[in-house]
Amino acid sequence: MARIAGVNIPTVKRVPIALTYITGIGPASARKICEAVNIDQSRRVNELSDAEVLAIREYIDGNFTVEGDLRREVQMNIKRLMDLGCYRGLRHRRNLPVRGQRTHTNARTRKGPARPIAGKKK
């Protein structure tokens, strides 16, 4: 079981697919990492040597913000918007959609399950 950036990546999957299990690394970034470290993209994680895993780990540490650091940075950005009191910050504070989506209908993921209104009859 290879451990990169504090995440146990699956051993039977191909290297670019396994790297996407790390928060902050998507398919394009995973391919770029494989090219930079000179690892064939068709190889599986369990076929990698310890030196190759170490090279991947060092490249990610040097060039990407991943996992806990990324989550912390995103949370700090949201907190900054909320402290400023700007429109986006107010939407975050009220737990409503931030990017201009409609809320008259839909937005149930953000707002939670629908609550019945007392006294409303069909």
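When reading the values below, keep in mind they use all heavy atoms of this one structure, side chains included, and skip hydrogens, waters and symmetry mates. Keep in mind that what you see is a predicted model, and the values were worked out from it rather than measured.
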Quiz item: Is there a side chain to side chain contact (heavy atoms under 4.5 Å, CB included) between D69 and R72 once you walk through the steps?
Solution: CA-CA 5 Å; D69 294 336; R72 196 174 308 108; 2.9 Å; yes
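- Closest approach of A30 to L19, counting heavy atoms only: CB-CB, 3.9 Å.
- Residues V45 and K13 fail the side-chain proximity criterion, which asks for heavy atoms closer than 4.5 Å.
- In the displayed structure, R93 atom CZ is contacted under 6.0 Å by more than 12 heavy atoms of other residues, nucleotides or ligands.
- Side-chain N or O atoms of N63 include one that pairs as donor or acceptor with a backbone N or O of Y59 at under 3.5 Å.
- Linking Ile, Leu, Val, Met, Phe, Trp and Tyr whenever their side-chain heavy atoms come within less than 4.5 Å puts I39 and I33 in one cluster.
- Put simply, the side chain of R44 gets close to the backbone of V12: a donor and an acceptor are under 3.5 Å apart.
- Contact record, V37 with A55: CG1-CB, 3.5 Å, taken as the closest heavy-atom pair.
- Remark: I22 CD1 to N8 CG distance equals 10.5 Å, nearest 0.5 Å.
- Residue I78 holds its CD1 atom at 11.0 Å from CE of M76, rounded to the nearest 0.5 Å.
- Considering NZ of K79 and CG of L81, their distance stands at 11.5 Å, rounded to 0.5 Å.
- E67 places a side-chain heavy atom less than 4.5 Å from the side chain of V7.
- Within 6.0 Å of the CG atom in N95, the count of heavy atoms belonging to other residues, nucleotides or ligands exceeds 12.
- Here the side chains of R91 and P97 are in contact, with some heavy-atom distance below 4.5 Å.
- Closest heavy-atom contact between I17 and Y21: O-CD1, 3.5 Å.
- Nearest heavy atoms, R57 versus R3: NH2-O, 2.7 Å.
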Exercise. Might you work through the salt bridge (charged side-chain N to carboxylate O under 4.0 Å, His left out) test for R80 and D83, ending with a clear yes or no?
Key: CA-CA 5 Å; R80 178 180 53 82; D83 292 343; over 6 Å; no
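- Here R31 does not pair with E35 in a salt bridge; the nearest charged N to carboxylate O distance is not below 4.0 Å.
- With R102 contributing its side chain and N106 its backbone, the two residues share no donor-acceptor pair below 3.5 Å.
- A continuous path of Ile, Leu, Val, Met, Phe, Trp and Tyr side chains, each step under 4.5 Å between heavy atoms, connects F64 with I4, placing both in one hydrophobic cluster.
- Taking both residues in full, the closest heavy atoms of K111 and T103 are given as NZ-O, 3.1 Å, listed atom of the first, atom of the second, then distance.
- The side-chain heavy atoms of I56 and V15, taken from C-beta on, include a pair separated by under 4.5 Å.
- When the side-chain hydrogen bond (donor to acceptor under 3.5 Å, both in side chains) test is applied to S29, no partner is found at least two apart in sequence or on another chain.
- Environment of CZ in R115: sparse, with no more than 12 heavy atoms of neighbouring residues, nucleotides or ligands closer than 6.0 Å.
- Follow the hydrophobic side-chain contacts under 4.5 Å out from I25 and you never reach L70; the two are in separate clusters.
- Here the shortest heavy-atom pairing between R110 and H92 reads NH2-ND1, 3.5 Å.
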